[in-house]
Amino acid sequence: ALPRSAFVLQSCGCRTLSPPALMSRDISVDASFLESQRAKAEERRRRFEAAAREPPPPLPKRSMAWPGGKIVTPNKAEAIASFLERKAGSLDEAKERVLLGELGRAAAEAGAGAAAAASAGAAAASGAAVSSSRRALAGLTLALSAGGDESGVGQAELAKSIRAAGGVVSNTVHKRVDLLVASARAVKRNTQAVRKARGKFRTPIVSPDFVIDSIAAGSKRDPALYAPTADRAARAAPPAAAASAAP
């Protein structure tokens with residue numbers, strides 16, 4: 001008895017082969033294909049055996065990325081000088097002395113000439129002054145509202161000076177801010193930073209001259225001397241007058 005599929009194929013006019021007929025047919029295999037596969041297997045075996053005999057690769061060296069980004073100069077003296085300029089106020093004295101010594105040696109070895117030697121000597125001579133002024137604002141967190149100051153000192157330059165003197169610049173006024181550096185125009189306009197410093201956090205307000213004078217003196221000046229006129233008058237008022245003025 002033929003299966004049902006055989007009747008369907010016969011009715012369609014298709015020719016079917018019985019299983020014995022399929023088994024009697026030979027399956028031809030290309031000998032060149034088999035030979036190429038054997039050759040590839042032998043090549044892989046030889047390659048893996050050679051790799052197994054080789055010593056393991058060395059471990060990667062631990063290194064720190066260059067903190068200043070991509071180095072664009074092969075001049076070592078120029079790279080060290082640029083690094084000292086970027087890290088002014090954030091390096092300890094011992095590290096700074098080591099880098100200044102390397103700067104002088106690199107300039108001498110590279111034969112940079114009189115200009116490079118003079119710049120290295122000037123950097124070494126000013127090392128003592130930099131080490132004293134760069135800690136003038138250490139430990140202080142300052143917020144800024146000094147835009148449009150009549151003195152011509154911009155907020156970006158002021159922030160750079162604070163960081164170079166060891167201080168921390170905050171973008172907003174919060175409870176961990178020690179002082180708000182505000183220009184006379186900012187105090188007059190009662191900016192948001194001034195309102196938060198006076199009302200919410202009771203943060204002392206100083207003028208930009210506080211930063212400039214502290215850096216020039218090499219130590220922190222008295223913030224009360226640089227308070228706005230209104231705040232200074234309120235602090236100088238006697239307690240009795242303040243109590244009578246209260247509702």
Worksheet, complete the sentence: Nearest heavy-atom approach of Ala186 to Ser145 is CB-O, 3.0 Å
Worksheet entry | Heavy-atom check, side chain of Tyr226 versus side chain of Val181, under 4.5 Å | no
Discussion item. Using a 3.5 Å distance criterion without hydrogens, assess whether the side chain of Arg195 forms a donor-acceptor pair with backbone atoms of Asn190.
Written reply: yes
Fill in: Donor-acceptor under 3.5 Å (Ser36 side chain, Phe33 main chain)
yes
Worksheet item: Looking at Arg46, Arg45, Arg47, which one forms a side chain to side chain donor-acceptor pair (under 3.5 Å) with Glu49?
Response: Arg45
Worksheet item: Residues in salt bridge (Lys or Arg N to Asp or Glu O under 4.0 Å) with Arg38, at least two apart?
Response: Glu35
Discussion item. Please determine whether the number of non-hydrogen atoms from other residues, nucleotides or ligands lying under 6.0 Å from atom NZ of Lys196 exceeds 12.
Written reply: yes
Report, one line per pair, each donor and acceptor closer than 3.5 Å where one atom sits in a side chain of residues 168-179; sequence neighbours left out.
{"unit_1": "Ser170", "atom_1": "OG", "unit_2": "Thr172", "atom_2": "N", "d": "3.4"}
{"unit_1": "Ser170", "atom_1": "OG", "unit_2": "Thr172", "atom_2": "O", "d": "2.7"}
{"unit_1": "Ser170", "atom_1": "OG", "unit_2": "His174", "atom_2": "NE2", "d": "3.1"}
{"unit_1": "His174", "atom_1": "ND1", "unit_2": "Arg176", "atom_2": "N", "d": "3.1"}
{"unit_1": "Asp178", "atom_1": "OD2", "unit_2": "Thr141", "atom_2": "N", "d": "2.8"}

Worksheet item: Does the pair Leu142 and Leu180 meet the rule for a side chain to side chain contact (heavy atoms under 4.5 Å, CB included), with working shown?
Response: CA-CA 6 Å; Leu142 295 90; Leu180 170 64; over 6 Å; no
Fill in: Shortest non-hydrogen separation from Leu137 to Phe210 and the atoms involved
CD2-CE2, 4.1 Å
Practice prompt. Determine the minimum heavy-atom distance between Ser161 and Ile215, stating which atoms define it.
Written response: O-CD1, 3.6 Å
Fill in: Minimum-distance pair of heavy atoms, taken over all atoms of Ala136 and Ser214
CB-O, 3.4 Å
Item to complete: Would you indicate whether the side-chain heavy atoms of Ile212 and Arg221 approach each other to under 4.5 Å?
Response: no
Worksheet item: Taking only residues two or more places apart in sequence, or in another chain, which ones meet Arg53 in a salt bridge (Lys or Arg N to Asp or Glu O under 4.0 Å)?
Response: none
Worksheet item: Which heavy atom of Pro208 sits nearest a heavy atom of Ala182, and at what distance?
Response: CD-O, 3.6 Å
Practice prompt. Apply the test side chain to side chain contact (heavy atoms under 4.5 Å, CB included) to residues Leu144 and Ile162: give CA-CA distance (whole Å), side-chain angles for both, the deciding distance (0.1 Å), then the verdict.
Written response: CA-CA 10 Å; Leu144 301 180; Ile162 292 172; 3.7 Å; yes
Response to the item:
To the nearest 0.5 Å, atom NZ of Lys40 lies from atom CD of Glu42 at 14.5 Å
